[in-house]
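Sequence lines set the chain letters: A, B, ... in the order given, protein chains first and strands last, and positions in each chain run from 1.
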Amino acid sequence: MDILADLNPAQKQAAETINGPVLILAGPGSGKTRVITHRIAYLIRVCGVSPHHIIAVTFTNKAAREMESRLARLTGTSLRDLTLGTFHSVCARILRRDGAVMGISPRFVIYDDSDQIGLIKQALKDIGLDAKQYAPRAISSAIGAAKSQSVGPADYLGRSRSYFEEVVGRVYERYEQLLGESSALDFDDLLMKTVRLFREHPAILGRYQARFQHLLVDEFQDTNLVQYELVRQLGARHRNICVVGDPDQSIYSWRSADLRNILNFEKDFPEAKVVLLEQNYRSTKNILETAANLIAANQQRKDKGLWTDNEAGELVKLVEAYTEQEEAQFVVREIEQLVENDTANLGECAVLYRTNAQSRILEEVFVRYGTPYKLVAGTRFYERREVKDIIAYLRLIQNPQDSVSLLRVINLPGRGIGQQTLAKLFDLSQLYSLSQFEVLLRISKLQESDDPPFYPHIARALVGFAELMQELIAASQEMGVVELLDLVVERTAYRDFLLSQPDGEDRWENVLELRTVAQQYHDLIPPEGLAAFLEGVTLVADVDSLDETASGVTLITLHQAKGLEFPVVFIVGMEEGILPHIKSFDDPAQMEEERRLCYVGITRAKRLVYLVRTFRRSLMGSSNVNQPSRFLADIPRHLISGGEKPRSKESAAAVYSWNRSAPPDATPSGNGDPAPDVKAGSRVRHAAFGDGVVVSCQAVDDDAEVVVAFRGAGVKKLLLSFARLERVE
DNA sequence: CGAAAGGCTCTTTTT
DNA sequence: GAGCCTTTCG
């Protein structure tokens, strides 16, 4: 069988050019994943390359899993030896194996974002600065940016140019110390330390170079400088490096992704073959043209010749809702209609939004209507308190030096160990240069001295905790992760503690869900299972858990939607301040990234795109009137439908053309005096809600907001120009 | 020491 | 609206 038989010429070239560097520039829907999988299959099946010699790096674990299952089908051989994963997980594996020469404990734990923030606060405190004055988030992202360029604290301080950078440098210094004392690495460390390991230990690098004869990197436009450096290191010997990306889909510059990587690739590898994938197999002509017009408004880009053989399809639908409630209602009702008409089923529809906060109202309305949905990252599972608590216990078992975890669980459930005691414990650990846990192990001895540091009952609590942990550590050597988890919730009394809380039942469910995750690591030999489990739960992306086979509408951020496709896509919140986000207003480069984000959203769709905007939206408590997104103006009129009569009678008030030049029944006055013929007490009739009485009337811009108590439908707030109220006498 | 209540600041996007 | 921090009281 010819593995490459069903690829088009460009795809085929991309897949079979296996010697030397290759840069694949792949537009959306151009069969990029197909090319990568076929290329690997070709290497294995046709060229006889062992999977052992291949490494493929993806952006998410989900992408890696998908690639693996496609490959399994394509090759029919075992892929156990294939190295496949995210940069972070690949690096974690390398460091666990070979990090010791850099003083990295093989038992290191990985600190996630919130651990990192906590540690930065600690560092600020340690150097006598106020966490309120220096936003830990800002410092964390500055440190992250430094690490993404392999800049350590000393270098950073050396080149600091402002007072803020000076502060960051000093925090960075202390932060690194704290990480070291805890035997912990943050996300960026995984990459940076691996690069440094390779730089400082050529023999180790040599081993990996010898092994990885073929490298593939997906989503190359979203790699940062350190990741690129890693690619160059690993590929230096064989130079069989294949990178795949699309500059127009670069949406992670805030995470230090650097488009220069794509631009420099051809410089660093002058012999590189460049392959363009320009045929789109995903979307209708109208959708593709809409996207092309939108992205063409960006100045900093090279134009591509994207085209498709697909049919023209329907026009992109523009919809205006009055409030975010109605926006959500419109989406749900429209989806129900699509399902009823057999246009699509639930699983084929996705709702995309700019910020996670927007998902809440959508979720509420989906629940209210009883429409099944899949929310990618609600309150993200691994960030839930009870889940983090259990993970902290497990991390502490794996690595008792981990002070962030120790701090989290030492008094959970309450053991009478409070602030004072902890402060003393930390002082002692500083004084004796021991980890807090090591101090705990020596409490009894300390208490025998002339000046015992703790009251006897406190000392007893501390010793009790230390003994409990030792018991769990011993147990971890011989039992699987699931049993260990069970033992933890049992022996620490965490289960009882949780169930005694008001919402304990639900939260206990989450612990059980974590336990289900642990079952996947069950057949690993005891200590390795724990390490693998902890790594697995730390390096997950939310989108990893998205189950595409389950039915239900997908609710997802635009960022997470990258790499996915759906027959029907709703993009909600098409408003100035949301998309583009307000934070991008004063920076043209960021504004272009917002446009790319919108481009990514539209190009997810196969058949139908709805762009939905809301007139009045509540944000952080207060309510604002939002202007339509400037991106809507980038789309030519002939590709847009909107302003025609609403599809369903019910959503008459919610659905509206975004460019309502002449609202049909509006009689706004704009001088604070609402429409003359409707005032509080007026009897009115609404197409969907029926008869009611106006409760209040308030001028908003050049329109009026009326609150109406309907006989059947309850109290609604409506915009006079949209609601098409009729007076009833 | 710890629970409860009140006040404060924010939120972009995530491996 | 929500989480985080501080304050207050038992």
Any side-chain donor near an acceptor of the partner, Gln221(A) and Glu219(A), under 3.5 Å: yes
Non-hydrogen side-chain atoms of Arg595(A) and Asp634(A) separated by less than 4.5 Å: yes
Any side-chain donor near an acceptor of the partner, Tyr111(A) and Asp402(A), under 3.5 Å: yes
Residues, nucleotides or ligands: over 12 heavy atoms within 6.0 Å of Phe585(A) CZ: yes
Atom pair distance, as rounded to whole Å: CD in Glu594(A) and P in dT13(B): 11 Å
Candidate nucleotides dC1(B), dG1(C), dT13(B), ranked by approach to the side chain of Gln420(A) - the nearest: dC1(B)
Results of side-chain contact (heavy atoms from CB on, under 4.5 Å) for Thr83(A) - residues two or more places apart only: Ile55(A), Val90(A), Arg93(A), Arg211(A), Phe212(A)
Within 6.0 angstrom of Ile582(A) CD1, more than 12 heavy atoms from elsewhere: no
Touch class at under 4.0 angstrom, heavy-atom based, for Ile578(A) against every strand present: nothing
Determine all donor-acceptor pairs shorter than 3.5 Å in which one atom belongs to a side chain in residues 185-195 of chain A; sequence neighbours excluded.
unit_1    : atom_1 : unit_2    : atom_2 : d
Asp186(A) : OD1    : Lys147(A) : NZ     : 3.4
Asp186(A) : OD1    : Asp188(A) : N      : 3.1
Asp186(A) : OD1    : Asp189(A) : N      : 2.7
Asp186(A) : OD2    : Lys147(A) : NZ     : 2.8
Asp186(A) : OD2    : Tyr175(A) : OH     : 2.7
Asp189(A) : OD1    : Lys147(A) : NZ     : 2.7
Asp189(A) : OD2    : Lys147(A) : NZ     : 3.3
Asp189(A) : OD2    : Asp186(A) : N      : 3.1
Thr194(A) : OG1    : Leu190(A) : O      : 2.5

Atom-to-atom span, CZ of Phe497(A) to C1' of dA3(B) - whole angstrom: 12 Å
Closest listed nucleotide, where the reference is the side chain of Ile458(A) and the choices are dC1(B), dT15(B), dT13(B): dC1(B)
N/O (side chain, Thr60(A)) to phosphate O (OP1/OP2, dT15(B)) under 4.0 Å: no
Gln358(A) and Thr355(A) side chains, donor-acceptor separation under 3.5 Å: yes
Pairs: protein N or O with nucleotides 4-10 of chain B N or O, under 3.5 Å:
none

Minimum-distance nucleotide (side-chain atoms of Asn411(A) versus dT14(B), dT13(B), dG2(B)): dG2(B)
DNA chain B-proximal residues of residues 530-537 of chain A, any heavy atom under 4.0 Å: none
Residue met sooner reading DNA chain C from 5', once Arg360(A) and Arg385(A) are mapped to nucleotides: Arg360(A)
Atom-to-atom span, CG of Asp587(A) to C1' of dT13(B) - whole angstrom: 15 Å
5′-ward residue of the pair Lys121(A)/Glu364(A) relative to DNA chain C: Glu364(A)
Value in whole Å for how far the P atom of dG2(B) lies from CD1 of Ile410(A): 11 Å
Pair Asp98(A)-Tyr208(A), side-chain donor/acceptor within less than 3.5 Å: yes
Among dT14(B), dC4(C), dT15(B), the one nearest Thr557(A) by side-chain distance: dT14(B)
Rounded distance (Å) that lies between atom P of dT14(B) and atom CG of Asp186(A): 18 Å
Mutual orientation of the aromatic rings belonging to Tyr455(A) and His457(A) [parallel < 30°, tilted 30-60°, perpendicular > 60°]: parallel
Same-atom distance (P) from dT13(B) to dC4(C), integer angstrom: 15 Å
Sugar-phosphate only, base, or nothing, as touched by Gln227(A) at under 4.0 Å among non-hydrogen atoms: nothing
5' priority, DNA chain B, between Gly418(A) and Ser584(A) [closest heavy atom]: Gly418(A)
Tyr252(A) over dT14(B), stacked by centroid distance under 5.5 Å, angle under 30°: no
Distance, rounded to the nearest Å, where Ile361(A) contributes CD1 and dG1(C) contributes P: 9 Å
By side chain to side chain donor-acceptor pair (under 3.5 Å) - contacts of Arg596(A) (at least two apart): Glu593(A)
Nucleotide dT15(B), atom C1' - distance to NE2 of His559(A) in whole Å: 13 Å
Phosphate-side-chain proximity, Asn356(A) and dT13(B), N/O vs OP1/OP2 below 4.0 Å: yes
Gln560(A) side chain near dT14(B) phosphate (N/O to OP1/OP2, under 4.0 Å): yes
Sugar-phosphate, base or nothing in reach of Phe59(A), heavy atoms under 4.0 Å: sugar-phosphate
Side-chain ion pair, Arg255(A) and Asp222(A), N-O less than 4.0 Å: no
Rounded distance in Å - NE2 (His581(A)) to C1' (dT11(B)): 7 Å
DNA chain B: stems of at least 3 consecutive Watson-Crick or G-U pairs whose donor-acceptor distances fall under 3.5 Å: B:1-10 with C:1-10
Nearest to side-chain heavy atoms of Thr86(A), which nucleotide of dT14(B), dT11(B), dT15(B): dT15(B)
Verdict with supporting geometry, Ser256(A) and Asp258(A), side-chain hydrogen bond (donor to acceptor under 3.5 Å, both in side chains): CA-CA 6 Å; Ser256(A) 306; Asp258(A) 201 324; over 6 Å; no
